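Below is one structure, written out as structure tokens, with a few remarks after it.
Here the structure is a predicted model, which means the values were calculated and not measured.
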Amino acid sequence: MLKVKVLLMLVLSALLTACGDTNIVNSIKFVQTIGYDAVENGVTSSAIIANYEEQGKSKLEFYVTESKSIYDSMPKLNMKLDFPIEYGQLRMALFGERFARKGIKTAIESLIRDPKISSRAHLGVADTEALKMLNIAENRNDPYFMSDMIEQNIRYGNLPRINLHLTFFDFYGSGRDFFLPHFTEERGEIKLDGIALFKEDKFKTKIGIRDSFLMKLLTEDSSNGSIMVPVKASDQAGDEYFLMNSIHSKATYKVIQTGPPASIDIRVKLDAQVKDVPQWIDLTSSEQLALLETSIETYCRTEIRKFIALLQSNDVDPLGLGDLIRSRSKEWNPQEFQKHYKELSATVSVTARIIRTGAGG
């Protein structure tokens, strides 16, 4: 009998707790996506909030406010709402270009200090005002549209792994710079068109989707992503192209000399799938498969060298080469490394193996 009473008390307790949670949720507005734009006297904050009218259905609400800083943006937003707002469901923070170029340190620290915000939340940079981009996202009636776009491009596209936690690590890590997804507008739609590279906390430059693929090869063991690779027949003057998908890749780094200037060796191994090849390519021919593998190796090696030179010319280090040198040198000095960063030399080798083929024409 005692066991029955205890069980009954536990069940009633769970029901009361569930009822309490429901009442709390119904009394709070959860921000799913927020945007920040720099204005003359402070910052414009824009927020997308999903109002769940009934199970399985939601109506998006859009709010905009101006404040002196990010710190008082939430109180200002609260003044426009009938319920208090929380960031517990926040999955996307978007920075307008002007805001990002002035520096986003305050925003990162504000977001990372809030224990209710997931470390897997995403950040991004727009090539226009964040307010304008969020207006487009609102029209899709999906509060998580931009964060889902980032997730699917990490899983299946050319975007390297990135989230609030990794951004925080790169920002405060010695000898490395962070990066964020970059968005633009195309024919009234939001488009993920590359990566925004930062120096300290300021947006410095942007790279496109092809270079995003190269950075993915260089920063993680990738299992997706694709680029067009040129190939030329011996009896042809110009190049034709085929599509190369990464099945698996691994990059290894070796410090040759800690410097200054430093010298490193980068080796990339790549298992690939090829498709949409020129009509004269016979995928059953081992000789022509070898030609495609050589084309991949030559192209990737050349483009990686160009990419590293681009990073050096913009004085940004998203690959964490400074951190690599630091780990191999007891006398590493961040200022000294930065001073000679543009003189760093990198030898690059790529080994490609085609393990899948697709019909092309």
Side-chain angles (χ1 to χ4, degrees), residues 28-51 60-119 121-139 143-147 150 162-164 167-168 170-172 177-185 190 195-206 316:
I28 294 175
K29 297 281 189 178
F30 285 103
V31 178
Q32 279 87 7
T33 301
I34 194 163
Y36 297 110
D37 289 301
V39 292
E40 186 175 349
N41 297 319
V43 56
T44 294
S45 301
S46 46
I48 295 178
I49 297 173
N51 183 14
L60 296 192
E61 298 175 355
F62 191 73
Y63 296 93
V64 181
T65 188
E66 285 193 16
S67 54
K68 294 295 184 182
S69 75
I70 283 178
Y71 295 137
D72 65 342
S73 61
M74 183 180 283
K76 289 290 185 73
L77 283 172
N78 258 324
M79 294 173 69
K80 294 189 173 186
L81 298 170
D82 52 348
F83 293 111
I85 62 172
E86 290 284 353
Y87 284 165
Q89 293 182 3
L90 184 74
R91 282 183 34 195
M92 182 73 204
L94 184 69
F95 307 108
E97 180 171 330
R98 184 182 172 196
F99 185 96
R101 289 196 182 278
K102 292 179 70 174
I104 66 172
K105 178 182 179 180
T106 302
I108 293 176
E109 291 180 340
S110 177
L111 294 170
I112 205 72
R113 279 199 300 261
D114 192 330
K116 295 179 181 178
I117 297 178
S118 170
S119 62
H122 290 295
L123 311 177
V125 176
D127 67 350
T128 181
E129 293 181 342
L131 170 62
K132 182 178 179 182
M133 205 70 76
L134 262 62
N135 261 320
I136 300 174
E138 179 201 9
N139 293 334
Y144 299 126
F145 175 72
M146 297 186 74
S147 59
I150 293 173
I162 188 66
N163 54 37
L164 177 59
T167 298
F168 186 76
D170 286 342
F171 179 52
Y172 284 101
D177 294 314
F178 72 90
F179 56 92
L180 298 177
H182 188 274
F183 294 89
T184 188
E185 177 190 356
I190 299 173
I195 292 174
L197 303 179
F198 282 72
K199 186 63 187 177
E200 295 179 346
D201 72 326
K202 295 178 175 63
F203 173 35
K204 186 69 179 290
T205 190
K206 174 240 175 187
V316 291

**OP:** For the pair Ser45 (side chain) and Ser73 (backbone), establish whether a donor and an acceptor sit closer than 3.5 Å, ignoring hydrogens and angles.
**Re:** no
Original post:
Would you say the side-chain atoms of Lys105 pair up with the backbone N or O of Phe171, donor to acceptor, closer than 3.5 Å?
Top reply: no
Original post:
At what distance, to the nearest 0.5 angstrom, does CD of Glu40 lie from CD of Glu66?
Top reply: 10.0 Å
Original post:
Quick one: are Asp37 and Phe95 in side-chain contact, heavy atoms under 4.5 Å?
Top reply: no
Subject >> Whether Asp170 side chain and Thr167 backbone form a donor-acceptor pair below 3.5 Å >> reply: no
**OP:** Please round to the nearest 0.5 Å and tell me the distance separating atom CZ of Phe145 and atom CD1 of Ile48.
**Re:** 10.5 Å
Original post:
Just wondering, do Ser147 and Thr33 contact through their side chains at under 4.5 Å, heavy atoms?
Top reply: no
**OP:** Apply side-chain contact (heavy atoms from CB on, under 4.5 Å) to Leu134 and Phe62, showing your working.
**Re:** CA-CA 9 Å; Leu134 262 62; Phe62 191 73; 3.7 Å; yes
**OP:** Return yes if some donor-acceptor pair links the side-chain N/O of Asp201 with the main-chain N/O of Ile104 below 3.5 Å, else return no.
**Re:** yes
Original post:
From Gln89 CD over to Ile49 CD1, what is the distance, rounded to the nearest 0.5 angstrom?
Top reply: 10.5 Å
**OP:** Verify, without hydrogens or angle tests, whether Asp127 (side chain) and Glu97 (backbone) share a donor-acceptor contact under 3.5 angstrom.
**Re:** no
Original post:
Does a side chain donor of either Glu109 or Tyr172 reach within less than 3.5 Å of an acceptor in the other side chain?
Top reply: yes
Original post:
So, Lys132 and Glu185, do they make that salt bridge, N to O below 4.0 Å?
Top reply: yes
Original post:
Is the backbone of Phe203 close enough, under 3.5 Å, to the side chain of Arg101 for a donor and an acceptor to pair up by distance?
Top reply: yes
**OP:** Work out which heavy atom in Ala137 is nearest to a heavy atom in Leu60; give both atom names and the distance.
**Re:** O-CD1, 4.5 Å
Original post:
His122 side chain to Ile162 main-chain N or O, any donor-acceptor pair under 3.5 Å?
Top reply: yes
**OP:** Check the pair Phe183 / Ile150 against side-chain contact (heavy atoms from CB on, under 4.5 Å), numbers first and verdict last.
**Re:** CA-CA 10 Å; Phe183 294 89; Ile150 293 173; 3.7 Å; yes
Subject >> Rounded distance [0.5 Å steps], CG in Leu123 versus CE in Met146 >> reply: 11.5 Å
Original post:
Tell me, do Ile108 and Phe168 make a side-chain contact under 4.5 Å, heavy atoms counted?
Top reply: yes
Original post:
Lys68 and Asn41: which non-hydrogen atoms are nearest, and at how many Å?
Top reply: CD-O, 3.7 Å
Original post:
Is any side-chain heavy atom of Leu111 closer than 4.5 Å to a side-chain heavy atom of Leu90?
Top reply: yes
Subject >> Residue pair Ile70 / Phe99, side-chain heavy-atom distance below 4.5 Å >> reply: yes
Subject >> For Ile34 against Val31, the heavy-atom pair lying closest together >> reply: CB-CG1, 4.2 Å
**OP:** Would you name the heavy atoms of Pro75 and Tyr71 that are closest together and state the gap between them?
**Re:** CD-O, 3.9 Å
**OP:** Without swapping roles, check the side chain of Ser110 against the backbone of Ala107 for a donor-acceptor pair under 3.5 Å.
**Re:** no
Original post:
Okay, side chain of Asp177, backbone of Lys199: is any donor-acceptor separation there less than 3.5 Å?
Top reply: no
Original post:
Roughly how far, to the nearest 0.5 Å, is the CD1 atom of Ile195 from the NZ atom of Lys206?
Top reply: 10.0 Å
Original post:
Taking the side chain as C-beta and beyond, is there a heavy-atom pair between Phe198 and Val316 under 4.5 Å?
Top reply: no
**OP:** Identify the two heavy atoms, one from Ser46 and one from Val64, that lie closest to each other, and give their separation to 0.1 Å.
**Re:** CB-CG2, 4.0 Å
Original post:
From Phe178 CZ over to Glu200 CD, what is the distance, rounded to the nearest 0.5 angstrom?
Top reply: 10.0 Å
**OP:** Kindly indicate, with the supporting measurements, whether the criterion side-chain contact (heavy atoms from CB on, under 4.5 Å) is fulfilled by Leu164 and Ile117.
**Re:** CA-CA 9 Å; Leu164 177 59; Ile117 297 178; 4.1 Å; yes
Original post:
Is there side-chain contact between Thr128 and Met133, with heavy atoms separated by less than 4.5 Å?
Top reply: yes
Subject >> Heavy-atom closest pair, residues His182 and Ala126 >> reply: NE2-C, 4.4 Å
